[in-house]
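Following: one structure in structure tokens, then a few remarks.
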Amino acid sequence: QVQLVESGGGLVQAGGSLRLSCAASGSTFSFRLSNMGWYRQAPGQQRELVAGITSGGSTNYADSVKGRFTISRTNAKNTVYLQMNSLKPEDTAVYYCNLANVGIRWSPVGSWGQGTQVTVSS
């Protein structure tokens with residue numbers, strides 16, 4: 001069982017920045033060998049992949065965030081980050097992290113954490 005705790009969300013004006021963090025833990029879990037993803041879900045919409053990072057550090061981004069968001073990881077801290085710049089109102093959503101299955105279009109694996117709310121005002 002993997003526990004995921006997201007943090008760093010908040011209310012920000014359009015054009016602003018936020019940095020999200022996701023701390024992962026689990027007795028039989030190897031963070032450094034895991035591919036990780038950030039996902040988001042806006043009201044009335046399906047959860048979608050925002051960005052992913054492999055165990056080797058390769059990254060993947062949704063077209064809507066390319067050039068604005070950056071995913072990174074610190075294996076020593078079992079933590080994955082999402083730096084979000086030039087935020088837009090359409091980025092408003094609850095953001096979640098999860099392990100990701102790269103072979104199945106970065107589909108999420110396992111249970112979700114509580115997520116962190118990001119609200120961008122216009």
Side-chain angles (χ1 to χ4, degrees):
Q1 187 80 10
V2 179
Q3 290 79 47
L4 301 165
V5 179
E6 301 92 345
S7 61
L11 173 64
V12 64
Q13 289 189 331
S17 298
L18 285 173
R19 189 193 194 206
L20 306 184
S21 299
C22 170
S25 62
S27 59
T28 60
F29 168 63
S30 174
F31 179 83
R32 67 180 183 87
L33 297 180
S34 298
N35 304 315
M36 300 296 297
W38 279 100
Y39 304 81
R40 68 185 179 188
Q41 187 168 23
Q45 298 187 20
Q46 289 189 333
R47 203 168 306 193
E48 62 176 357
L49 174 72
V50 175
I53 186 167
T54 68
S55 58
S58 297
T59 58
N60 177 55
Y61 295 94
D63 288 343
S64 59
V65 306
K66 281 181 181 176
R68 300 189 297 121
F69 291 11
T70 302
I71 189 171
S72 62
R73 63 192 296 161
T74 300
N75 289 340
K77 295 184 178 181
N78 282 12
T79 300
V80 60
Y81 305 95
L82 187 67
Q83 178 67 43
M84 305 187 296
N85 299 328
S86 302
L87 283 161
K88 303 176 181 180
E90 51 263 43
D91 294 318
T92 295
V94 180
Y95 284 71
Y96 304 85
C97 69
N98 210 329
L99 282 70
N101 188 329
V102 176
I104 309 180
R105 297 190 298 179
W106 292 86
S107 59
V109 179
S111 301
W112 295 99
Q114 83 288 350
T116 186
Q117 175 72 49
V118 172
T119 303
V120 184
S121 63
S122 57

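Q1 is listed as a side-chain neighbour of S111, based on a closest heavy-atom distance under 4.5 Å. In this structure, N60 and L49 have side chains that are in contact, with non-hydrogen atoms separated by less than 4.5 Å.
Ring centers of F69 and W38: at least 6.0 Å apart, outside the cut-off.
Without hydrogens or angle criteria, T74 side chain to A76 main chain gives no donor-acceptor distance under 3.5 Å. Although no hydrogens or angles enter the test, the distance criterion places no donor-acceptor pair under 3.5 Å between the side chain of Q41 and the main chain of E48.
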### Trace of the side-chain contact (heavy atoms from CB on, under 4.5 Å) decision for N98 with L4
CA-CA 7 Å; N98 210 329; L4 301 165; 3.8 Å; yes
### Task
Run the numbers on N35 and T54 for side-chain hydrogen bond (donor to acceptor under 3.5 Å, both in side chains), then give the verdict.
CA-CA 4 Å; N35 304 315; T54 68; 4.6 Å; no
### Query
Stepwise, does the side-chain contact (heavy atoms from CB on, under 4.5 Å) test hold for K88 with V120?
CA-CA 6 Å; K88 303 176 181 180; V120 184; 5.5 Å; no
### Task
Decide side-chain contact (heavy atoms from CB on, under 4.5 Å) for S72 and Q83; before the verdict, give the C-alpha distance in whole Å, the side-chain angles of both, and the deciding distance to 0.1 Å.
CA-CA 8 Å; S72 62; Q83 178 67 43; over 6 Å; no
### Message
If you apply the rule side-chain contact (heavy atoms from CB on, under 4.5 Å), what do you find for V50 with Y61, and how did you get there?
### Response
CA-CA 6 Å; V50 175; Y61 295 94; over 6 Å; no
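The SG atom of C97 sits 12.5 Å away from atom CD1 of I53, with the distance rounded to the nearest 0.5 Å. Remark: T119 OG1 to D91 CG distance equals 11.0 Å, nearest 0.5 Å. Put simply, OH on Y95 and SG on C22 are 14.5 Å apart, with the number rounded to the nearest 0.5 Å. In this structure, CD1 in I71 is found 8.0 Å from CE in M36, a value given to the nearest 0.5 Å. From Y96, atom OH reaches atom CG of L20 across 12.5 Å, with rounding to the nearest 0.5 Å. For the atom pair CZ of R40 and CE of M84, the computed distance is 9.0 Å after rounding to the nearest 0.5 Å.
Between the side chains of S107 and N101, no donor-acceptor pair is found at a separation under 3.5 Å.
Salt bridge present: K66 and D63 bring a charged side-chain N and a carboxylate O closer than 4.0 Å.
Scanning both residues, P89 and A14, for their nearest heavy atoms gives CD-CB, 4.1 Å. Residue F29 comes nearest to S34 through the heavy atom pair CE1-OG, 3.2 Å, listed as atom of the first residue, atom of the second, then distance.
Linking Ile, Leu, Val, Met, Phe, Trp and Tyr residues whenever their side-chain heavy atoms come within less than 4.5 Å leaves V5 and Y81 in two separate clusters.
Annotation: cation-pi pair R73/F31 present, NZ/CZ under 6.0 Å from the ring centroid and within 45° of its normal.
Of the candidates T92, V12, V65, L87 forms a side chain to side chain contact (heavy atoms under 4.5 Å, CB included) with just one, namely V12.
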